[in-house]
Novice: 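To start, I am sharing the structure in question, which I have written as structure tokens.
To find a chain, count down the sequence lines: A is the first, B the second, and so on, and within it residues start at 1.
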Amino acid sequence: MALLEVRDLVVEFGLREGASMALDGISFALEPGERLGIVGESGAGKSVAAFSILNLLSAPGYIASGQIIFDGVDLASLSESALRTVRGRRIGMIFQDPMMTLNPVLSIGEQMLECLRAHSNCSESEARHICIERLRQVQIPSPEQRLRQYPHELSGGMRQRVIIAIALLLDPQLIIADEPTTALDVTIQAEIMQLLRELCDNEGVALLLITHDLGVVAQLTHRTMVLYAGRVVEQAETAALIRAPRHPYTRGLLDALPERTEPGRPLNQIPGSMPGLQSMPSGCAFHPRCNLARARCQSESPALQHGVACWEAAC
Amino acid sequence: MLSVRGLAKRFPLAGTRRWWRGDEGLAVHAVNGVDLEARRGEALCVVGESGCGKSTLARLVARLIDPSAGEIHLDDQRIDTLHGRELWPLRQRVQMIFQNPYASLNPRMTVQQTLLEPVRLHRSSLSQSEAQEHIEQVMRSVGVDPSWGARYPHEFSGGQRQRISIARALSVSPELVIADEPISALDVSIQAQVLNVLMEAQASASLTYLFITHDLSVVEHFGDRVAVMYLGRICELAPARSLFSGARHPYTQALLSAIPRIRGQHQPQKLHGEVPTPVHSPSGCVFHGRCPLANARCREQIPVLRETQPGHTIACHAVEEGRD
């Protein structure tokens with residue numbers, strides 16, 4: 001049975017002009033221990049997808065319909081207090097900016113203990129022991145001293161390691177990572193990616209990785225889902241998606257990477273930019289930028305069939 | 001065309017100066033003795049991780065901040081000693097494109113006003129209609145519709161705004177364009193659009209670029225020559241092709257291996273430790289604390305850039321001694 005199954009999730013933002021759909025019926029499943037990447041450009045709805053799983057959406061966003069079934073329970077229908085037993089305990093979350101996620105006035109140890117105390121009633125010394133163990137697991141040198149330090153005393157890479165350690169504190173079954181390496185330098189990014197890969201393999205934790213970087217997805221995930229304007233346009237095994245992308249948008253994204261073009265030659269570009277929530281085109285949301293668009297694409301929205309949502313690619 | 005010699009910039013740390021003891025106090029050594037030359041018509045890229053001093057270098061060359069030491073020459077003119085009005089002719093020859101297109105356009109000026117202002121200042125001989133015609137031509141060349149002129153920056157997306165700021169830089173027909181991370185705030189599909197505009201502009205106006213970035217795959221595509229910076233110093237300077245096929249400085253090798261490629265197995269070389277603070281720079285080679293090849297000489301003596309192949313220069317004792 002799938003660990004996490006999202007069915008027809010619709011997230012809306014209630015605005016003065018009326019509700020607009022940030023996610024328009026997305027569905028996916030995640031097996032235990034699997035790593036799934038969600039890729040898209042800014043405004044595609046990938047962070048909204050991550051936040052809605054734990055119902056962390058803040059107003060005016062809300063889940064309009066759909067189910068989020070985690071281990072047999074629909075998270076979308078749980079009360080706030082019931083959700084709290086899931087958040088941080090069975091599903092850990094890693095956010096983008098390690099500067100913003102840690103509380104600057106609490107030491108690393110206090111922040112970790114706070115999380116442990118909220119979810120389990122272990123003794124002070126046991127809790128300390130767990131914290132040190134986790135910090136060692138994410139390869140932080142001299143963890144006993146780090147517990148007394150404050151976030152500003154650590155570098156960006158170290159902070160992100162601390163956040164991963166906090167996400168791992170209570171042996172979650174799933175980690176949701178929203179752009180975990182975007183704010184980091186490449187050499188640090190490589191270390192964090194390797195760490196995530198090892199942790200998931202050794203602990204059997206499933207990973208839902210949200211990113212805009214196709215290179216990160218290619219190196220880290222088993223399967224990839226491409227989002228465009230709140231809809232899933234393609235879903236496939238990562239290796240297959242990169243070898244043979246089927247949706248014109250996925251193909252365009254991959255072709256736009258500089259490493260796909262001979263140095264000095266013009267890059268392949270996708271014309272235009274992603275539509276805003278208020279100005280969603282009719283039919284397939286990608287048709288104004290698509291070079292294969294036909295009359296049908298303008299009027300009818302394609303459904304996801306065999307992993308791709310496109311009239312051209314599906315037939 | 002552009003030549004930089006021994007350029008340094010120190011930012012004093014407030015509250016650490018003890019003037020009554022003659023103590024100058026602590027300072028961040030953002031740029032620490034950089035020698036660099038850009039030839040006319042080339043795209044010279046400067047890469048490095050955050051805190052290596054690449055943006056400070058860009059700002060120094062653009063004369064937005066004053067150097068603490070060293071010289072900057074543009075053609076035969078020394079430009080680091082110019083001040084105030086003496087800088088005006090320079091501003092026409094050297095233009096800058098900034099990272100964040102949301103912060104670098106004045107929100108209260110229409111696109112038209114934004115683009116006309118530099119033209120009026122630097123090319124005052126043009127009449128109103130000639131200036132208008134000129135900016136329309138520049139707008140078309142970077143893919144900005146001239147009919148957008150009456151609109152304000154908030155009406156545009158990030159990619160469109162960045163094209164407007166490129167148009168602003170190109171509107172005075174500069175010779176050198178300094179681009180500080182011009183595409184890192186943009187999405188992948190938009191990055192390609194903006195890079196193409198920059199490449200077209202270079203080809204049609206024989207521009208020289210000083211291109212600052214942390215994204216090595218962009219450099220591989222865009223750069224003619226690449227300077228790799230670490231902690232305020234240049235550690236390797238080479239033609240792009242030869243850097244990507246045969247980087248020899250241990251830091252460059254680690255940096256290149258860390259790029260997550262979409263194909264092939266990723267085997268990043270691990271650097272132990274972290275970048276030291278630029279307040280207390282290490283003695284000798286600034287990289288020695290993290291370098292797998294470091295020895296006693298690296299800890300004491302500062303390596304200088306030496307040519308190993310034509311055009312390929314490396315500042316590393318280990319490479320010089322053949323220990324790599």
Side-chain angles (χ1 to χ4, degrees), chain A residues 39-44 139 141 154-158 181-191 193-194 197 211-220 228 238-239 241-243 249 252-276 289, chain B residues 43 47-52 143 156-160 183 185-197 199-200 202-203 214-224 240-241 244 251 254-275 277 290:
Chain A
V39 198
E41 297 180 277
S42 37
Q139 294 155 25
L154 306 180
S155 67
M158 278 298 154
T181 60
T182 308
L184 307 174
D185 280 319
V186 265
T187 52
I188 313 292
Q189 164 171 287
E191 286 172 22
M193 278 165 62
Q194 200 170 359
R197 193 187 300 129
T211 181
H212 69 281
D213 190 331
L214 288 158
V216 173
V217 168
Q219 297 296 341
L220 207 54
Y228 184 81
T238 304
L241 184 105
I242 290 195
R243 195 175 346 102
Y249 176 63
L253 269 189
L254 283 165
D255 284 343
L257 294 178
E259 58 180 287
R260 282 290 183 97
T261 311
E262 185 85 355
R265 302 283 298 278
L267 295 164
N268 300 303
Q269 59 186 50
I270 308 178
S273 56
M274 173 129 39
R289 302 175 73 188
Chain B
V47 294
E49 298 184 284
S50 39
C52 73
F156 298 101
S157 68
Q160 290 168 332
I183 59 164
L186 307 174
D187 274 318
V188 187
S189 71
I190 310 299
Q191 285 189 353
Q193 294 174 5
V194 171
L195 268 184
N196 282 346
V197 166
M199 285 198 285
E200 275 165 32
Q202 187 189 21
H214 67 278
D215 190 337
L216 288 147
S217 55
V218 169
V219 171
E220 186 175 11
H221 188 80
F222 184 81
D224 294 315
R241 213 165 274 248
F244 282 90
Y251 177 64
L255 202 59
L256 289 179
S257 75
I259 313 175
R261 302 272 182 182
I262 53 169
R263 290 239 172 123
Q265 201 49 46
H266 191 219
Q267 264 151 357
Q269 286 175 20
K270 234 177 157 175
L271 289 174
H272 49 89
E274 289 175 1
V275 184
T277 81
R290 307 175 72 196

Novice: Checking A:P271 against chain B: side chain, backbone, both or neither under 4.5 Å from a heavy atom?
Specialist: backbone

Novice: Going by side chain to side chain contact (heavy atoms under 4.5 Å, CB included), name the residues that satisfy it together with A:A218, two or more places apart in sequence or in a different chain.
Specialist: A:I242, B:I262

Novice: For A:M274, is it the side chain, the backbone, both or neither that has a heavy atom under 4.5 Å from a heavy atom of chain B?
Specialist: neither

Novice: Please determine whether the number of non-hydrogen atoms from other residues, nucleotides or ligands lying under 6.0 Å from atom CZ of B:R241 exceeds 12.
Specialist: no

Novice: Are the side chain of B:Q191 and the backbone N or O of B:I183 linked by a donor-acceptor pair below 3.5 Å?
Specialist: yes

Novice: Could you list the residues that satisfy side chain to side chain contact (heavy atoms under 4.5 Å, CB included) with A:P266, not counting sequence neighbours?
Specialist: B:N196

Novice: With a 4.5 angstrom heavy-atom cut-off, which part of B:S50 approaches chain A: side chain, backbone, both or neither?
Specialist: both

Novice: Which bit of A:D255 comes within less than 4.5 Å of chain B, counting heavy atoms only: side chain, backbone, both or neither?
Specialist: neither

Novice: Distance-only, no hydrogens or angles: does the A:Q269 side chain make a donor-acceptor pair with backbone N or O of A:A256 under 3.5 Å?
Specialist: no

Novice: Hey, is the main chain of A:T187 close enough, under 3.5 Å, to the side chain of A:D185 for a donor-acceptor pair?
Specialist: no

Novice: In terms of heavy-atom pairs under 4.5 Å with chain B, which of A:A190, A:G276, A:P258 leads?
Specialist: A:P258

Novice: Report the option among A:H212, A:Q219, A:Q194 that has the most heavy-atom pairs separated by less than 4.5 Å from atoms of chain B.
Specialist: A:Q219

Novice: So for A:E191, is it side chain, backbone, both, or neither that comes closer than 4.5 Å to the heavy atoms of chain B?
Specialist: side chain

